[in-house]
Amino acid sequence: MLDIELIRKKPELVKERLSRRDGGLSELLDKVLELDKNRRELLKKIESLRAERNKKSKEIGLLRKEGKDSSSVEEEVRQLKTEIESLQEKLGEVEEELRKVMLRIPNLPHESVPVGEEESQNLEVRKWGELPNFSFEPKPHWEIGEALGVLDFERGARLSGSRFTVLKNWGARLERALMNLMLDLHAKKGYEEVIPPHLVRDEILIGTGQLPKFEEDLYRCERDELYLIPTAEVPLTNLFRGEILKEEDLPVYLTAYTPCYRREAGSHGKDIRGIIRQHQFSKVELVKIVHPDSSYDELETLTSDAEEVLKVLGLPYRVVELCTGDLGFSAAKTYDIEVWLPSQNRYREISSCSNCEDFQARRMNTRFKDSTGKNRFVHTLNGSGVAIGRTIAAILENYQREDGSVVVPEALRDYLKADVIAP
RNA sequence: GGAAGGGUGGCCGAGUGGACGAAGGCGCGGCGCUGGAAACGCCGUGUACGGGUUUCCCCGUACCGAGGGUUCGAAUCCCUCCCCUUCCGCCA
């Protein structure tokens with residue numbers, strides 16, 4: 001959520017910044033300004049009426065104590081009451097409307113973010129690793145995985161439909177090994193390991209920004225009014241919602257291995273084959289809750305902590321800075337890490353690292369007491385460290401050999417207890 | 001799932017429907033006492049919003065788990081929900 005005060009004081013700046021994302025947001029802003037003005041006028045009226053009411057109520061108490069007649073004052077207060085009630089009803093409507101609009105306005109992009117409308121305008125920041133050179137035609141991971149008996153698409157679909165896959169044998173073990181490798185790596189960097197709930201209430205999703213706007217992307221358990229998490233960012237970031245942290249508690253680094261559930265509404269036909277786009281996938285997530293002064297430094301280290309996973313696994317990747325039009329709803333600035341997929345002859349997203357500044361903190365009401373005793377909103381960051389399904393795909397493809405076997409990356413051998421995956 | 005009890009400031013804890021933003025204690029900050037400290041004494045110590053003024057100063061409003069209701073007036077009475085504790089049931 002944006003700071004209403006900023007919108008009020010510098011509407012043109014906010015509009016300009018939002019327009020870098022999407023031209024259609026200016027009207028929403030005007031609506032906010034109008035509702036806010038309306039709200040404050042009503043508030044002023046109500047508060048002065050209430051002040052009067054409070055005064056007169058006290059008078060009644062005094063009169064009665066002295067045994068005097070208070071009925072005329074009572075009548076006055078009764079009238080004030082009905083007046084207050086009708087104004088309050090109006091105020092309630094205005095506030096509800098304002099809240100609704102505010103919750104649908106995305107974060108302001110940081111001024112450093114390159115302006116652009118779509119993916120192609122993202123900025124390549126750096127590349128790492130040598131692209132593999134094959135003396136044969138490299139196969140896509142689904143062919144390799146099926147042949148090795150580690151990916152079973154047919155049975156996955158039988159159980160749950162398309163975009164559900166069964167990991168078997170070395171596939172299942174690969175996931176477990178990767179989970180351990182990643183968590184161990186992050187633990188060394190000071191991230192605290194967490195196992196959060198995978199089902200959360202709607203206000204938790206409002207906190208991180210998935211709701212109300214992206215409801216159709218989520219799985220919902222209607223009976224219990226709970227949603228399956230689309231990423232561990234949701235429960236991790238919300239861990240301190242409503243709390244006032246001590247300044248010395250910051251920064252907080254968290255990591256969690258969880259499944260992620262996404263309906264993938266609107267991506268029909270995209271990445272139909274393989275495990276690149278699944279309704280359920282596993283991910284190790286990194287979340288930071290930090291002091292506002294250091295959040296951009298923290299974004300750099302967060303990104304490099306995620307990159308570290310790919311370095312250790314020897315998977316070639318590049319880092320791109322998302323342009324304003326490609327930025328997620330809550331993010332002020334985002335680096336995507338893209339891993340090389342030989343069968344597609346291109347890099348594919350495997351991690352997304354964002355600084356949300358105080359956008360989520362406002363929605364969650366997570367603050368800290370600074371050295372002057374003032375309560376301020378924290379900054380929140382999140383990044384995949386990294387998506388496990390896509391890592392499996394990348395390993396299968398980058399480490400494949402002509403005979404259909406796959407070499408296990410060195411760093412993974414102790415975890416997997418195998419050097420090669422062969423049929 | 002059933003029954004009972006409970007949720008009050010940073011913490012503990014009192015609170016009869018009217019002077020309660022809330023006793024008392026602890027903690028914390030300041031001052032005093034002291035050579036210095038402890039102990040002691042005095043004073044202060046929540047948040048949000050709106051307004052005035054931009055001096056972190058004043059005024060107002062709201063907040064005692066959340067939301068409704070009763071009342072001239074609610075921390076206090078009523079209803080719904082959430083959470084915690086205990087007992088029973090079920091269960092990995």
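Residue numbers start from 1 in every chain, and the chains themselves are labelled A, B, ... in the order their sequence lines are given, proteins ahead of strands. Bear in mind the structure is a predicted one, so any value in this text is a computation, not a measurement.
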Distance, [atom1] atom - from [M] to [N], rounded to whole angstrom:
| N | M | atom1 | result |
| --- | --- | --- | --- |
| B:G17 | B:U76 | P | 11 Å |
| B:G50 | B:G44 | P | 29 Å |
| B:A23 | B:G30 | P | 23 Å |
| B:G9 | B:U45 | C1' | 11 Å |
| B:C64 | B:C11 | C1' | 16 Å |
| B:A14 | B:G6 | C1' | 16 Å |

[X] [atom1] to [N] [atom2]: how many Å, rounded?
| X | N | atom1 | atom2 | value |
| --- | --- | --- | --- | --- |
| A:N365 | B:A66 | CG | C1' | 14 Å |
| A:M102 | B:C49 | CE | P | 12 Å |
| A:K81 | B:U70 | NZ | P | 6 Å |
| A:I60 | B:A19 | CD1 | C1' | 15 Å |
| A:Q88 | B:G50 | CD | C1' | 15 Å |
| A:E89 | B:G68 | CD | P | 12 Å |
| A:I244 | B:A48 | CD1 | C1' | 10 Å |
| A:K246 | B:G46 | NZ | P | 18 Å |

A:I275 CD1 to A:T165 OG1 distance, which is reported to the nearest 0.5 Å
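The OG1 atom of A:T165 is 7.0 Å from CD1 of A:I275, to the nearest 0.5 Å.
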Please list residues of residues 49-57 of chain A whose heavy atoms come under 4.0 Å from any atom in RNA chain B, ordered by number; otherwise none.
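Heavy-atom cutoff 4.0 Å gives A:R50, A:A51, A:R53, A:N54, A:S57.
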Would you say [N] has OP1 or OP2 under 4.0 Å from some side-chain N or O of [X]?
| X | N | value |
| --- | --- | --- |
| A:R78 | B:C72 | yes |
| A:R40 | B:U61 | no |
| A:R367 | B:A48 | yes |

Quick one about [Y] and [X] (side-chain donor to acceptor, distance below 3.5 Å, no hydrogens or angles considered), yes or no?
| X | Y | value |
| --- | --- | --- |
| A:H186 | A:T255 | no |
| A:N107 | A:S330 | no |
| A:E143 | A:Q400 | no |
| A:T301 | A:K288 | yes |

Between B:G50, B:U47, B:C72, which one does the side chain of A:R64 approach most closely?
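Side chain of A:R64 sits closest to B:C72.
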Closest to side chain of A:N375, choosing from B:A19, B:U47, B:U61
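Of all the options, the side chain of A:N375 is nearest to B:U47.
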Determine whether a donor-acceptor pair (N or O, by modelled atom type, separation under 3.5 Å) exists between the side chain of [X] and the backbone of [Y].
| X | Y | value |
| --- | --- | --- |
| A:E285 | A:N382 | no |
| A:R390 | A:E349 | yes |
| A:E298 | A:S294 | no |

A:E34, A:E96, A:E95, A:E97 screened by salt bridge (charged side-chain N to carboxylate O under 4.0 Å, His left out) with A:R39, the one that passes:
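Testing each of A:E34, A:E96, A:E95, A:E97 against A:R39, the sole residue satisfying salt bridge (charged side-chain N to carboxylate O under 4.0 Å, His left out) is A:E95.
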Any base atoms under 4.0 Å from A:R362, or only sugar-phosphate, or nothing? Heavy atoms, all strands.
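Nothing: the residue A:R362, judged by heavy atoms under 4.0 Å, touches no strand.
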Output field dot_bracket for RNA chain B (Watson-Crick or G-U, both distances under 3.5 Å, | for other-strand pairs) contains ((((((((.[[[..)..(.....]]]((((((.......))))))(((((((....))))))).[[[[[..)....]]]]])))))))....
Could you tell me how the ring of A:F214 sits relative to the ring of A:F329: parallel (under 30°), tilted (30 to 60°) or perpendicular (over 60°)?
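It falls in the perpendicular class, over 60°.
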Nearest-nucleotide comparison on RNA chain B, the residue closer to the 5′ end among A:K58 and A:I46
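In this pair, the answer is A:K58.
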Start at the 5' end of RNA chain B and walk down; is the nucleotide closest to A:E85 or to A:E5 reached first?
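On the 5' side of the pair lies A:E5.
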